[in-house]
Amino acid sequence: MSNDWKNEVSKCSKCGKCHTVCPVFLETHDESAVARGRISLAEALKDKQIGYTEKLRDYVYSCKKCMRCRKVCPSDVDYEKIISALLRGVAENMGIPLLPKIIFRYILPRRILFDTLLKVSSKIQRFIPMKKRGQMRHLPLLFMGKRWIPTLAGKTALQKFRKTRKVENPRMRVGLFTGCLINYIYVDIAEAVVDVLNKMGIEVVIPQRQLCCGTPSSTMGDVKSSKRLAEENRKVFESLELDAIVSACATCTKSIKNDYMHILGPSWKNMSDKIYDISEFIDKFIGDMPGVKPIGEKVTYHDPCHLLWVRDISEEPRNILKKSSRFVDMDMADACCGGGGIFTIIHYDLTLKMLERKVDSIQRSGADTVATNCPGCVMQIADGLAGRNSNIKTTHSIQILQEALKNGETKK
Amino acid sequence: MKQQMDKNSIDTRILEELCDAVGRENVFDDIEERVCYSFDATKERSLPDLVIKPHSTEHVSNIVSIANKNSIPICPRGAGTGLSGGSVPIRGGIVLDLKNMDRIIELNARDLTVTVEPGVVTKDLQNEAAKHKLFYPPDPGSARFSTIGGNVAECSGGATGMKYGVTRDYVLALEIVLPDGSIINTGRKTLKSVAGYDLTRFFVGSEGTLGIYTKITLKLLPMPEKLGTIVSYFDDFHDALNTSDSIQIKNRILPRSLEFMDAACLASLKEGLKAAIPEGAKSLLLIDVDGNEKNVTNTIAKIEDICRENNALKCEVAKTAEEREVLWEMIRSVPSSLFKIATMKFNDDFCVPRSKVKDILEKVYGLSRAASVKVAAFGHIGEGHINLNVMYDDGSDKEHSAHTFVSEVLKEVVSIGGTITSEHGVGDAKAEYVKLELTAQEIELMQKLKKLFDPKGIMNPGKIFV
Ligand SMILES: Cc1cc2nc3c(=O)[nH]c(=O)nc-3n(C[C@H](O)[C@H](O)[C@H](O)COP(=O)(O)OP(=O)(O)OC[C@H]3O[C@@H](n4cnc5c(N)ncnc54)[C@H](O)[C@@H]3O)c2cc1C
């Protein structure tokens with residue numbers, strides 16, 4: 001990895017094509033907010049024209065890492081290498097803010113500690129008033145006014161599926177990488193994955209010792225923590241004999257499938273090849289689904305950045321929805337919802353602008369439900385819709401399939 | 001890199017005055033922001049002292065008068081996609097980032113005109129016109145990211161030039177902030193006007209050296225009913241050129257576009273795109289035809305015959321808008337994909353009388369072999385326009401030979417009646433070659449005019465003239 005980024009920097013032709021897709025640039029028009037500008041900053045760092053400053057850190061943190069720019073770049077610049085090097089440089093030279101550091105280094109790698117802390121929060125949250133349709137005012141952002149975040153689950157996905165649900169003569173045995181959001185908040189998504197795959201004769205193992213995928217720490221340049229998490233997850237998944245690993249989180253899939261190749265090196269290739277987004281898995285290994293009866297609702301789909309722009313997956317989830325509902329596409333389905341870790345916190349105003357646009361598209365589509373393939377997007381979009389008192393529901397595409405399967409059973 | 005300083009050299013008093021004039025939130029003096037506005041698509045770099053992001057004509061006028069009073073250079077900037085260093089602040093001073101002035105003020109479908117602010121992205125304007133079944137023809141390869149202001153300042157051309165001309169042919173009227181801060185209006189919002197000297201034309205292509213456009217009125221055309229696209233590949237560039245002759249001259253067909261690419265360009269394209277390029281292809285023609293449905297279908301069929309008569313290896317007619325887009329994306333990607341050949345490139349977009357294209361290309365390839373420099377050529381061949389790219393690695397001894405080679409080529413271009421730049425402008429990248437084309441007297445006259453408008457020389461100094 002070391003100096004790779006410098007080659008990438010010199011490959012940039014400064015043509016400006018990244019302007020056309022960068023969701024942050026399209027809002028701000030600031031060159032410092034788009035790949036070409038950040039690449040010029042990396043170039044200036046390389047030439048010692050600038051150093052690590054707070055301003056630089058802000059510009060580096062303002063990247064959503066959606067990788068649209070990388071996808072459209074005519075010079076094939078691997079922007080991910082550059083932004084990762086910048087984040088790492090910021091972390092090494094300026095340190096990681098204390099709270100995230102404690103979380104990444106000491107809490108995320110320890111599942112029980114993490115569980116306990118969140119359990120305490122989930123107890124506290126009961127005393128906070130203003131619950132709204134299963135969402136509550138999230139503590140730190142409560143003071144910022146408008147943020148609606150779902151309640152923490154009483155029992156995590158890992159706890160719920162401590163024992164693998166048995167399937168008679170399974171045709172495959174797959175592992176589920178849950179990821180933090182699904183584990184702690186959207187346990188129903190994990191349940192839907194297990195339900196659906198079990199019905200298709202596939203056994204789903206949820207390894208109990210799996211940890212956070214490492215995206216939050218790598219987003220802040222904390223290479224050490226990301227590496228540690230990757231190594232732990234490798235141990236967990238390599239020790240099991242699995243036909244495949246699935247995830248219902250676009251960001252976790254990108255992390256364990258793509259980013260781990262950089263973090264763990266080529267020896268991860270065999271495992272990486274076996275990792276699938278849930279819709280990709282269904283498309284590849286299941287295809288036709290007998291017993292599915294479309295639900296009556298109109299459902300639209302939002303493309304998560306990390307699935308579409310990193311993995312080129314857009315048809316697979318739509319195919320699922322077409323089979324299980326009255327599917328309608330929305331305009332600008334591929335526009336970013338604005339969600340995404342640290343960005344959402346630092347650039348709350350921009351996040352809101354992107355979200356507003358997304359919610360506009362969803363409402364224009366006339367759908368009753370918006371489905372997507374990333375719990376981060378689910379959280380963000382649900383927040384936006386709740387903010388407008390809309391009745392449109394937000395869900396994961398696998399949950400629509402789960403309903404359609406149930407529908408098929410009852411209508412038999 | 002021309003400068004290494006990390007402190008700007010603008011007096012604090014002036015800085016405060018500027019902040020008062022446009023709001024502190026629009027004035028940037030930190031090194032990081034200045035780095036982000038120190039380049040364009042030539043990769044040349046030079047730090048400005050300040051970056052200012054105006055939101056209105058009034059802002060621009062205030063900034064310019066303060067700069068003029070204090071003799072601070074101003075470099076207007078659209079999207080920084082220029083290919084001649086136009087928006088690189090080579091003398092420091094203020095970069096005026098016009099991206100925030102991006103309103104489409106009025107589209108008048110009955111008058112066939114549209115008035116915009118300079119920061120509107122070309123494609124956004126085209127899309128807006130299309131909503132009214134209207135057509136803004138100039139279509140530079142950078143249309144999706146360059147601005148109208150930049151297009152006017154460079155008199156950009158593009159793929160549709162063959163049939164529809166260049167930006168100049170669509171500019172009806174301009175609102176301009178002059179270097180003393182005053183605001184003038186040139187031209188009228190009518191499709192014709194000839195009262196007095198044509199200041200509008202004088203300002204088009206002035207590369208930010210005379211004043212700053214703050215409003216631009218453009219002419220629109222009715223949208224043609226149908227668009228047809230065909231690509232053909234040849235194993236010898238002569239066949240491609242003969243094809244183009246046969247289409248335009250022998251068969252008297254006026255295509256909307258007639259694009260050419262040579263072997264080096266084809267080789268540099270992304271693997272992903274390469275799929276459709278046949279084995280052994282050494283040049284390509286991409287041809288667009290527009291008009292009514294029947295005409296387009298017939299003309300495309302005719303062109304396909306002509307291509308085959310001229311030994312095309314493969315012809316492919318785009319059946320859907322997506323297929324067309326794939327082909328055009330291939331053309332648009334070339335300028336950037338050439339960086340796979342080497343890390344640096346010198347680009348010249350010369351134009352010769354169209355009958356001389358074969359001669360000049362033979363000359364270019366001959367000279368390049370002799371000088372052992374790497375070249376790649378593509379362009380709007382139907383107009384005699386060639387983008388010649390000379391590729392070399394950063395820091396290698398080739399930079400010098402690249403420049404010697406280019407001046408050899410340009411001498412030849414001028415001697416056969418051509419021009420050193422068709423649409424990318426002179427900037428500072430080609431300033432040394434201007435004297436090949438213009439006489440001392442002509443240059444002096446131009447400089448007198450410049451002095452009349454900009455006596456202190458604050459507008460984009462160092463560009464066009466050395
Ligand atoms: C991949 C690629 C393909 C390209 N294809 C083409 C092509 O097919 N045809 C073509 O002609 N060009 C092409 N270009 C070159 C470039 O995009 C054009 O010159 C374009 O018009 C520049 O617009 P910009 O907004 O980026 O302007 P900038 O690069 O920011 O500025 C260009 C010049 O305009 C001046 N300027 C900008 N705004 C104003 C204003 N409001 N008032 C006064 N002066 C102003 C600047 O000072 C500068 O001198 C291409 C470039 C790239 C990178």
Side-chain angles (χ1 to χ4, degrees), chain A residues 6-22 24-63 69-77 86 90 312 349, chain B residues 1 3-6 28 30-45 47 51 53 77-83 95 97-102 119 121 123 141-146 268-273 329-330 332-340 343-345 393-394:
Chain A
K6 292 189 180 164
N7 295 334
E8 297 303 321
V9 165
S10 56
K11 270 161 69 180
C12 171
S13 72
K14 305 268 168 73
C15 70
K17 193 170 179 189
C18 42
H19 284 188
T20 61
V21 291
C22 173
V24 187
F25 181 81
L26 290 173
E27 293 298 341
T28 66
H29 295 162
D30 290 331
E31 196 68 50
S32 55
V34 67
R36 183 174 72 162
R38 291 199 202 88
I39 291 175
S40 73
L41 289 168
E43 197 170 27
L45 267 175
K46 186 178 88 169
D47 295 343
K48 306 215 161 27
Q49 192 180 24
I50 60 171
Y52 287 94
T53 57
E54 273 178 33
K55 195 99 191 183
L56 179 77
R57 183 176 64 192
D58 286 352
Y59 291 163
V60 172
Y61 281 176
S62 76
C63 175
C69 53
R70 185 178 167 192
K71 175 98 184 173
V72 302
C73 177
S75 308
D76 271 348
V77 175
L86 285 171
V90 166
D312 220 352
D349 50 336
Chain B
M1 214 184 327
Q3 286 157 300
Q4 275 281 351
M5 54 189 186
D6 63 349
F28 302 83
D30 56 282
I31 177 77
E32 294 81 3
E33 193 74 18
R34 287 154 58 211
V35 162
C36 290
Y37 291 86
S38 63
F39 58 83
D40 71 357
T42 54
K43 283 190 159 188
E44 182 184 355
R45 288 194 275 164
L47 275 183
V51 177
K53 306 183 178 185
R77 178 179 159 109
T81 71
L83 291 172
V95 161
D97 172 26
L98 294 151
K99 280 285 291 175
N100 289 314
M101 290 178 65
D102 66 343
V121 170
K123 188 75 194 173
S142 52
R144 279 187 282 172
F145 36 108
S146 68
S268 76
L269 285 171
K270 252 185 168 174
E271 271 73 45
L273 288 167
E329 197 47 33
M330 180 157 77
R332 289 185 210 116
S333 304
V334 173
S336 326
S337 67
L338 289 178
F339 284 103
K340 284 180 220 155
T343 55
M344 299 300 281
K345 86 175 172 191
D393 280 317
D394 201 4

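Labels below follow one simple rule: chain letters A, B, ... track the order of the sequence lines, proteins then strands, and each chain is numbered from 1. Scope of the values below: all heavy atoms of this structure, side chains included, with no hydrogens, waters or symmetry mates.
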Which portion of Lys53(B) sits near chain A, non-hydrogen atoms under 4.5 angstrom: side chain
Heavy-atom donor-acceptor pair, Asp30(A) side chain to Ser32(A) backbone, under 3.5 Å: no
Cys15(A) to Thr81(B) - nearest heavy-atom pair and separation: O-CG2, 3.5 Å
Interface moiety of Asp40(B) toward chain A, non-hydrogen atoms closer than 4.5 Å: backbone
Top contributor to chain A interface from Arg144(B), Glu33(B), Arg332(B), Met344(B) [non-hydrogen pairs under 4.5 Å]: Glu33(B)
Charged tip of Arg36(A) within 45° of Tyr37(B) ring normal and under 6.0 Å: no
Segment of Ser142(B) engaging chain A (4.5 angstrom heavy-atom cut-off): neither
Glu8(A)/Lys46(A) ion pair, N-O < 4.0 Å: no
Minimum side-chain heavy-atom gap Leu269(B)-Lys340(B) below 4.5 Å: no
Most chain B-contacting option - heavy-atom pairs closer than 4.5 Å, from Glu43(A), Lys11(A), His19(A), Arg38(A): Glu43(A)
Per-residue contact mode, Cys18(A) against chain B (heavy atom under 4.5 angstrom): neither
